Amino acid sequence: MQDLEQDILAQVQDALQGQQALAIQGNNTKTFYGNPCQAQPLQISGHNGILHYEPAELVMTARAGTPLKTIKECLQEHGQMLGFEPPGFGDEATLGGTIACNLSGPRRPYAGAARDFVLGCRIINGHGQVMRFGGEVMKNVAGYDVSRLMAGAMGTLGVLLDISIRVIPRPQQEFTIRKEVDSTKALQAIARWSQKPMPISAACHDGDQLYFRLSGNELALKTAHNKMGGEPLDNDAQLWERLREQSHAFFDGNKPLWRLSVPANTPMLALDGKTFLDWGGAQRWLVSDIGADRIRKMIDKVGGHATLYRNGPQDIEAFQPLPAAMLQVQQRLKQSFDPQRLFNPGRLYKDL
Amino acid sequence: MQNSTDKKPLIQKLSRILDADSILHEQEDLRPYECDGLSAYRKLPLLVVLPSTVEQVQAIVRLCHARQIPVIARGAGTGLSGGALPREDAVVLSLAKLNHIIDIDQEQRQATVQPGVRNLAISEAVAPFGLYYAPDPSSQIACTIGGNVAENSGGVHCLKYGLTVHNISRLKIVTIDGELLTIGSHALDSPGYDLLALMTGSEGMLGIIVEITVKLLPIPERAQVIMAAFDDVEQAGNAVGHIIAEGIIPAGLEMMDNPAIRAAEDFVHAGYPTDAAAILLCELDGTNEEVSEQVMHVRALLKNSHASTIKTAENEEERQKLWKGRKAAFPAVGRIAPDYYCMDGTIPRSKLAWVLKRIAELSAEYQLAVANVFHAGDGNLHPLILYDANKAGELEQTEALGGKILELCIEAGGTITGEHGVGIEKIDQMCIQFDANELQQFHAIKNAFDPIGLLNPGKAVPTLHRCAEFGAMHVHNGQLAHPELERF
C-alpha cells in the first residue's frame, strides 16, 4: 500500500510540458483491449491500497492500482462483493483498469455494470490538475456525473487516482440450472423468465445448453427451481468464472473474438462462426473470420455494436465507429478534459 | 438581450413553427411559469412555447440558437431547486405536450416514452404486464420523466433499485444547434464515452431531452413493511447500519425524527408513536420466501438495536397506512407552519447522529424549527425548515440556515444535493463543495455541448466570479474560499 500521487502528478506535468503523450498502465492484463497506443508508459500499479471501507455503508474507496484480488478478498471477509462481477483477465488486474474499461461479468444484466457502481473518483485531467468528483454517498447530484463518465473512457479523459464504489452483500446461496435447448429457444426462455420476479443472477447459452444462475436464500432457490425446471449443474461456480475470465474452451484458439452488444431479444444472427450468449442474450461472443464491416453493419441494424475483443487485425478500430455527429461531441468532450491529447491517444478511437 | 418590446418578431417566427395556442406571451399566460416547485424564486420569462413534436423542438432550438436567446426546458415544474426558474430574456420550452408512451417492449422490459409522460403513468401503463419503473420521487404523480432524467431523480427505493441513471438505457436529445442525437441504446451499453451518465442530472444544461427509454422491473412477488420506534436518534441510525451489515438491502428504509413524526401522525393517523425520538420504516421486497425470512431477521435486529416498538404491517392496507405517514410528511409539516423550506443533503449514515445534533443547535441559533425526514438507507437527508414568509426577514434567515445545513453535509463528507439538483437554490454551495479547477472542468464540459451558453444559463454550476462574490461573504474555517481569485 503506497501513495504515489505526487509522483504520478509530476510525471503528468513533465509530459504536459514536454508534449509527450502517456500510455496509462496498471498491470497490463488488458493491453489487448481497445486500440493499440504508442506512448510513454505512466505506471499506476504502485499507487495502491484500500483507503476506506465501511461495510455498513456499502462503500469502498481504493487507489486505482489496487489489485481486484485484494478488493475481492477484503469484501469477502465481510460477506460482501462487487456487484458487477468484473473479469480480471489475470490475477494482477487493478481496480483502475477495470473501471477505465467498464468491464462487467455475467451478473451485469441483473445487478448493473461497473459504471453503475461508481460513486466518486479523483482524477488528474489533461491540465495536470487533481480533481475530485462524486463522493462516498449513494445519492449525489451536485455537478455533472464525471465519475461515471470515467467508466469506459479507457483512460482518455484523465488518470484515475482513487475510486469509490458501491458494494453489495453476497447472496446466501447460488446454484445453476441447465436445460438442453437450442439458442433460439434459449432466448425465448430467458425473455419469458426475465419478465417474472425470479431470483435470476445470470443467464447464458453455450451453443447446446441454457444455464440460469439463481441467487437468494435456500427456500427461494428451491421454489424458483421448481417453477423453472432444469437440472442442477455441479460445480457451477466454475462455469461462470470460466465464462467471465474467458478461460472456457469456447475462447481457445487464435481466431478473432468479437463482443456483440445487442438488445437481449435480438434473434440469432446469421454470422458464420460460433456464438456464446451471455448477459441473458445481450452480450454475445462470436469467434469468426468474417470481415469487420459485415459484422458491424449487421449489428448496427439490430441496434447494437460490435467490439473486436481479441486476435483481430491491429489496423481496424476495436470499437464500433461512431456516427459523425456523435464522434464530434465525443471529440469535444475529450478536448474539455485533455486538450493536448496527453492520455492514451487513440486507445478508445483513433480520433480521440 | 431581448425585452418585451421586441417580442413580436420572435413570436412571428415562432408562429411558423407552432400554432398560436402553443406560444404564450401575455403576462397572465406567463404567470404559471414564473417558478417551479421552489416558489421563493420567481421570474417571468420572455415567452413560453409548448411544442408537440420533436421536429418543433428542433426548429425552436434552431431559432433561439440563431438569435442567441436562452432556452430553459421545463417538465411539470415540480423541481425543488429552481432548475426551471425562467429569466426575462429566455424562452421557456415546456415539454408537457410531448406526453405519449411510444412503445412498451414487454420482452425486453423497457418502455420508450416522451419526456412529458408522468413518472407514475409509466408504472401504471406497464402494470398489466407485471412490470414497473423503479425510481419513485415523492412527486411521482405529477413529475415528468424528462425532468427526472434532467435531475437524476431518486425516491425511497434508491438503495436497492438505484437512481434514474441506473434505470434508463437510451435518450434522444436535441442539441443546441437543433440536431437530434441518440445517446445510449437498447443494448446494455454503447461504444464511446458514457454520455447517458453525463446527460442524466445535467439540469437542462447540455441538451433538450425529447425521448427516453426506461428499464422496467418485474413487480416483486411480495412487499412487507416494518415500523420500529426508538427513544434515541443515534440508536435508530445504528439499527440501519446493523440491517445493512447483515446483508439485507431493504427496498426502502426511511427515518423520521420526532417533529416529523408528530406532524405526520397528527395529519394522517398512521399509527406512529408520537413520543418516539425517531421511527424507522423498513420495506422488504422479493420472493415470498425471502421476504418471510428477512422480516424475521430484521425484527430480531431491530430488537437488538433497542427499538422500543416494532410493528409489522399485517396486510396491504396496514402497509399503505404506515407509508402514508411518511409520504405525507411534507404536507403534514406544511400544516404546522405557514411555510417550510425543504433541504436535500446526503451524508454518510455513520455521521447521522452528529449531523442531527448540529442541525438542532443551528435551529436554536436561528430560532427556526426543523423537522427531519431521512432516506436512511442511502443517507439522503431532508431537513424541513419551518418559517413564516410573511414575517420580515424570515425567508432570508431560513435560506441562511439552509446554507449552513448544506455546508454541514459537506463537512460530514457528504454532498449538498442527493436528488433535488443544484438549480439556482444551491448554486453558492457548489463553490464550497468544488474547487475552482473542478468548477472550470464543469464549465469546459458545458462548453463542449453548448459553447455560447444558451441552455438554462446560470444554473447548476456557478461562475468563478459568483464564487468569489459569495466567498467574500463566506468565511470557512477562518479562510476565504478561493484566495487565488480577485475579490469584487
Side-chain angles (χ1 to χ4, degrees), chain A residues 54-58 79 108-109 112-113 115-116 125 129 131-133 135-145 148-149 151-153 168-170 191 194-197 199 216-217 219-220 223 261-265 279 282-283 303-305 319-320 322 325-326 329-330 332-333 335-336 348, chain B residues 106-109 130 151-152 154 158-159 163 166 179 181 185-194 197-198 200-202 218-221 241 244-245 247 249 287 289-290 293 346 348-350 378-380 413-419 421-422 430 433-434 437-438 441-442 444-445 447-448 461:
Chain A
E54 197 69 60
E57 303 259 353
L58 302 171
R108 192 270 172 255
R115 58 88 87 168
D116 292 312
N125 71 358
Q129 297 164 336
M131 305 188 296
R132 181 201 170 96
F133 297 100
E136 292 195 315
V137 290
M138 302 290 157
K139 277 164 128 178
N140 185 353
V141 293
Y144 302 123
D145 196 346
R148 233 178 276 283
L149 184 63
I168 63 172
R170 299 185 76 79
S194 298
Q195 290 167 51
K196 301 200 158 50
N217 75 11
L219 208 57
T223 311
S261 176
V262 294
N265 61 350
W279 291 11
Q283 173 173 269
H305 62 100
F319 300 102
Q320 181 116 355
L322 301 170
M326 177 55 91
V329 171
Q330 303 228 347
R332 289 203 298 260
L333 190 60
Q335 175 117 19
S336 76
L348 181 58
Chain B
Q106 191 185 346
E107 265 195 6
Q108 277 266 83
R109 284 165 291 129
E151 301 293 327
N152 194 11
C158 291
L159 181 66
L163 301 146
H166 301 104
E179 296 301 314
L181 198 65
S185 74
H186 290 165
L188 287 176
D189 45 36
S190 304
Y193 297 130
D194 193 342
L198 195 60
T200 311
S202 64
I219 297 171
E221 215 166 64
I244 291 170
I249 305 289
T287 60
E289 297 80 9
E290 243 152 354
E293 186 188 290
T346 304
R349 203 182 330 95
S350 55
D378 51 43
N380 189 194
T415 173
I416 56 172
T417 174
E419 57 184 358
V422 173
M430 286 290 283
Q433 183 156 341
F434 295 98
N437 289 341
E438 291 155 353
Q441 182 63 65
F442 287 144
I445 293 169
N447 194 51
V461 184

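Letters A, B, ... are given to chains in the order of the sequence lines, protein chains preceding strands, and every chain is numbered from 1. Source: prediction; values computed, not measured.
- Chain B forms the most heavy-atom pairs under 4.5 Å with one residue out of F133(A), F319(A), Y144(A), and that residue is Y144(A).
- Between the side chains of E57(A) and S350(B), at least one donor N or O lies within less than 3.5 Å of an accepting N or O.
- Among the candidates A197(B), A245(B), P191(B), the residue making the largest number of heavy-atom pairs closer than 4.5 Å to chain A is P191(B).
- Counting heavy-atom pairs under 4.5 Å between each of Q283(A), E54(A), H305(A) and chain B puts H305(A) at the top.
- Among the candidates T417(B), I416(B), N447(B), the residue making the largest number of heavy-atom pairs closer than 4.5 Å to chain A is T417(B).
- When all heavy atoms are compared, the tightest approach of K139(A) to N380(B) is NZ-OD1, 3.1 Å.
- Closest of all the heavy-atom pairs between G241(B) and A56(A) is O-CB, 3.7 Å.
- At distances below 3.5 Å, not a single donor-acceptor pair connects side-chain atoms of R170(A) with backbone N or O atoms of G247(B).
- Within the 4.5 angstrom heavy-atom criterion, atoms from both the backbone and the side chain of N152(B) approach chain A.
- Of all heavy-atom pairs between I249(B) and L58(A), the closest is CD1-CD1, 3.5 Å.
- Contacts between Q335(A) and chain B at a heavy-atom distance below 4.5 Å are absent for every atom of the residue.
- Heavy-atom distances place both the backbone and the side chain of Q106(B) under 4.5 Å from chain A.
- Interface summary for chain B: among M326(A), R108(A), K196(A), the most heavy-atom pairs under 4.5 angstrom belong to R108(A).
- Interface remark: of the candidates A220(A), G303(A), G135(A), A220(A) forms the most heavy-atom pairs closer than 4.5 Å to chain B.
- R332(A) and A448(B) get closest at one heavy-atom pair: NE-O, 2.6 Å.
- Using a 4.5 Å heavy-atom threshold, the side chains of E290(B) and L219(A) count as separate.
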What do the steps show when you test L163(B) against V141(A) for side chain to side chain contact (heavy atoms under 4.5 Å, CB included), and what is the final call? CA-CA 10 Å; L163(B) 301 146; V141(A) 293; 5.6 Å; no
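- Distance alone, capped at 3.5 Å, places no donor-acceptor pair between the E136(A) side chain and the G413(B) backbone.
- Among P109(A), A113(A), P199(A), S194(A), the residue with the largest count of heavy-atom pairs under 4.5 Å with chain B is S194(A).
- What you find for T223(A) and E289(B) is that their closest heavy atoms are OG1-OE2, 2.7 Å.
- The candidate from C158(B), G154(B), G414(B) with the greatest count of non-hydrogen atom pairs under 4.5 Å with chain A is C158(B).
- L322(A) is not listed as a side-chain neighbour of Y193(B), based on a closest heavy-atom distance of 4.5 Å or more.
- How far NE2 of H166(B) is from CZ of R115(A): 7.0 Å, rounded to the nearest 0.5 Å.
- Contact of L348(A) with chain B is made through the side chain alone, with heavy-atom distances under 4.5 Å.
- Residue contact with chain A, scored on non-hydrogen atoms closer than 4.5 Å, involves the backbone of I219(B) exclusively.
- With a 4.5 Å cut-off on non-hydrogen atoms, P348(B) touches chain A through its backbone and its side chain both.
- Between the side chain of Q433(B) and the backbone N or O of A142(A) there is no donor-acceptor pair closer than 3.5 Å.
- The two residues A187(B) and V262(A) make their nearest non-hydrogen contact at CB-C, 3.5 Å.
- Contacts of R109(B) with chain A are made by side-chain atoms alone, with heavy-atom separations under 4.5 Å and no backbone atom involved.
- With chain B as partner, the option from G79(A), G216(A), P263(A) having the largest number of non-hydrogen pairs under 4.5 angstrom is P263(A).
- With hydrogens and angles ignored, the 3.5 Å screen pairs a side-chain donor or acceptor of Q441(B) with a backbone N or O of S336(A).
- The CG atom of L159(B) lies 11.0 Å from the CD1 atom of I168(A); values are rounded to the nearest 0.5 Å.
- N265(A) and E107(B) share a donor-acceptor pair across their side chains, judged by distance under 3.5 Å alone.
- In this structure, OG in S185(B) is found 10.5 Å from CD in Q320(A), a value given to the nearest 0.5 Å.
- Both the backbone and the side chain of S202(B) come within less than 4.5 Å of a heavy atom of chain A.
- The contact between I445(B) and chain A is made by backbone and side chain atoms together, counting heavy-atom distances below 4.5 Å.
- Separating the CG atom in D378(B) from the CE atom in M138(A) is a distance of 7.5 Å, to the nearest 0.5 Å.
- The most heavy-atom pairs under 4.5 Å with chain A, out of G192(B), G379(B), P220(B), come from G192(B).
- Interface summary for chain A: among T287(B), L188(B), V461(B), T346(B), the most heavy-atom pairs under 4.5 angstrom belong to L188(B).
- Annotation: side chain of T200(B) is not in contact with side chain of D145(A) (no heavy-atom distance under 4.5 Å).
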